[in-house]
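The structure under discussion appears below in the form of structure tokens.
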Number of protein chains: 2
Amino acid sequence: MNTKNHSYQCPVEAAFDCIGGRWKALIVWHIGYSVARYSDIKANLPKVTPHMLSLQLKSLEEDGLIVRTQYEEIPPRVEYCLTQAGMDLLPILDTLCDWAILYYPEHIPADFIKRTPGKPGCGTVCTSDATNSS
Amino acid sequence: MNTKNHSYQCPVEAAFDCIGGRWKALIVWHIGYSVARYSDIKANLPKVTPHMLSLQLKSLEEDGLIVRTQYEEIPPRVEYCLTQAGMDLLPILDTLCDWAILYYPEHIPADFIKRTPGKPGCGTVCTSDATNSS
DNA sequence: CGGAATCCTCGAGGATACTG
DNA sequence: CAGTATCCTCGAGGATTCCG
């Protein structure tokens, strides 16, 4: 999205440019309504490299889906939370989850099947507050 | 999905494996509740090459999102329509469209903005029958 | 018309190492 | 802890040609 040419024929195309790719939807999903640190996200996405996570977070921030808050401490601390745009995405991703669980149950880890459908919260993120400052 | 390793950590991952990539969601969206011929889809997706369209259609068929019906006529005629899984995706994609229109209106062709939100039908495919032979 | 076959590009994504 | 900096792989996607 932010680095591409933006000539979309269809809104679906624009949406997938924002959250397509291997990681972006997953990152948004894992942050959820909570606040997540870099290492939290990385722990939830074991296969992502620091490099990729950094790139995707930057891209999500440029697209206005997440907010990055950096605390100048030692050791450094950076927190990510969703903007309103990002949060509005959560119910959609949630529906997509239900869809995948319905039609591809055999490819979904078992602990997701027994989860109450319709409730975000894929990883260890919790549904506490998210005082984002956008 | 069909050709990959299927070890998903999260349903979102599985869903995006089905409809991720540059074309698949677009194809599903363009077929909609209608029936579309190969050339119809291609006309709606000007940038897709025959090769890619063929590959993506095959992948969608293997994932159970579309049904291919071949008529042994001269000239040949092949029709594609969505399965229930594919149709269940339409409202989700539709919501995604609304989301994109809401947050990225400047990147969406103007004729989508004025469209009544919540109604599928992205391209020239119509929601009635589709026995048009272009 | 609706593809298949072949070959190729190119950039998303990855591995590894290092740093403020 | 939270990243950068380099370099590299690899396969999704593309161009072109040909076929039933």
Side-chain angles (χ1 to χ4, degrees), chain A residues 1-5 7 9 13 16-27 30-31 35-63 66-81, chain B residues 1-7 9 13 16-27 30-31 35-63 66-81 130-134:
Chain A
M1 166 68 87
N2 38 62
T3 59
K4 297 159 194 166
N5 62 7
S7 54
Q9 314 296 319
E13 214 175 342
F16 270 80
D17 206 0
C18 276
I19 55 164
R22 182 161 172 191
W23 300 116
K24 293 206 272 195
L26 252 20
I27 294 172
H30 278 296
I31 296 177
V35 177
R37 300 179 57 167
Y38 183 92
S39 46
D40 293 335
I41 304 172
K42 204 152 138 35
N44 268 319
L45 274 52
K47 304 258 200 74
V48 78
T49 61
H51 181 77
M52 282 315 299
L53 184 51
S54 183
L55 282 182
Q56 304 307 316
L57 285 170
K58 202 168 298 179
S59 173
L60 288 169
E61 192 187 5
E62 286 174 20
D63 283 344
I66 66 174
V67 172
R68 197 188 108 115
T69 312
Q70 182 167 355
Y71 300 89
E72 291 296 348
E73 309 170 348
I74 300 295
R77 181 162 56 104
V78 179
E79 288 182 345
Y80 295 93
C81 63
Chain B
M1 166 68 90
N2 39 60
T3 59
K4 296 160 195 166
N5 62 7
H6 303 181
S7 54
Q9 313 296 319
E13 213 176 342
F16 269 80
D17 206 0
C18 276
I19 55 163
R22 183 161 171 191
W23 301 115
K24 295 206 272 195
L26 253 20
I27 293 171
H30 277 297
I31 296 178
V35 176
R37 299 180 59 170
Y38 182 92
S39 47
D40 294 335
I41 305 173
K42 203 152 138 37
N44 267 320
L45 275 52
K47 303 257 199 76
V48 77
T49 61
H51 181 73
M52 283 314 299
L53 183 51
S54 184
L55 282 182
Q56 304 306 317
L57 286 169
K58 202 169 298 178
S59 173
L60 289 169
E61 192 187 6
E62 287 172 20
D63 283 343
I66 65 174
V67 172
R68 196 187 110 115
T69 312
Q70 181 167 357
Y71 299 89
E72 291 296 348
E73 307 171 349
I74 301 293
R77 180 163 57 103
V78 180
E79 288 182 345
Y80 296 92
C81 63
T131 44
N132 56 348
S133 51
S134 65

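A quick note: this is a predicted structure, and the numbers were derived from the prediction, not measured. Below, each value reflects all heavy atoms present in this structure, side chains not excepted, and no hydrogens, waters or symmetry copies.
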Discussion item. On DNA chain C, does the nearest nucleotide to A/Val48 precede the nearest nucleotide to B/Pro76 from the 5' side, or the other way round? Give the residue.
Written reply: B/Pro76
Worksheet, complete the sentence: Atom CG of A/Leu53 and atom P of C/dA12 are separated, to the nearest Å, by 17 Å
Practice prompt. Let me know, please, whether A/Trp23 or B/Arg68 comes out on the 5' side of the other along DNA chain C by nearest nucleotide.
Written response: B/Arg68
Fill in: Presence of A/Arg37 side-chain N/O under 4.0 Å of D/dC1 phosphate oxygens OP1/OP2
no
Discussion item. In whole Å, I'd like the distance from the CD1 atom of B/Ile74 to the P atom of D/dG20.
Written reply: 12 Å
Discussion item. To check you understand the geometry: which heavy-atom pair defines the closest contact between B/Tyr80 and B/Ile41, and what is its length?
Written reply: CD1-CD1, 4.1 Å
Practice prompt. Determine the contact category for A/Glu79: base if any of its heavy atoms lies under 4.0 Å from a base atom, sugar-phosphate if only primed atoms, P, OP1 or OP2 are that close, otherwise nothing.
Written response: nothing
Discussion item. Rounding to an integer number of Å, can you tell me how far B/Arg77 CZ sits from C/dC1 P?
Written reply: 13 Å
Worksheet item: B/Met52 CE to C/dC8 P: how many Å, rounded?
Response: 18 Å
Practice prompt. Take B/Gln56 and A/Gln70, find for each the nucleotide of DNA chain D with the closest heavy atom, and name the residue whose nucleotide sits nearer the 5' end.
Written response: A/Gln70
Worksheet entry | Euclidean distance, atom CD of residue A/Glu73 to atom P of D/dC1 [Å, nearest integer] | 13 Å
Worksheet item: For B/Leu55 and D/dT16, what is the distance between atoms CG and P respectively, to the nearest whole Å?
Response: 17 Å
Worksheet item: Rounding to a whole Å, what distance do you find between A/Lys24:NZ and C/dG13:C1'?
Response: 12 Å
Fill in: Distance in angstrom units between B/His51 NE2 and C/dT6 C1', rounded
9 Å
Discussion item. C/dC1, OP1 or OP2 - any side-chain N/O from B/Ser39 closer than 4.0 Å?
Written reply: no
Worksheet item: When we call it a touch if two heavy atoms are under 4.0 Å apart, what does A/Tyr80 touch: a base, just sugar-phosphate, or nothing?
Response: sugar-phosphate
Practice prompt. Determine the minimum heavy-atom distance between A/Cys81 and A/Ile31, stating which atoms define it.
Written response: CA-CG2, 3.8 Å
Worksheet item: What is the distance from atom CD1 of A/Ile66 to atom CG of A/Leu57, rounded to the nearest 0.5 Å?
Response: 4.5 Å
Worksheet item: Nearest of C/dG2, D/dG14, C/dA4 to any side-chain atom of B/Ser54?
Response: C/dA4
Worksheet, complete the sentence: Among C/dG13, D/dG3, C/dA4, the one nearest any side-chain atom of B/Lys58 is C/dA4
Discussion item. For D/dG14 and B/Arg22 - does any side-chain N or O of the residue sit under 4.0 Å from the phosphate oxygens OP1/OP2?
Written reply: yes
Worksheet item: Got a donor-acceptor contact below 3.5 angstrom from the B/Tyr38 side chain to the B/Ser54 backbone?
Response: no
Worksheet item: At their closest point, which heavy atom of B/Ser59 faces which heavy atom of B/Lys24, and how far apart are they?
Response: OG-NZ, 3.0 Å
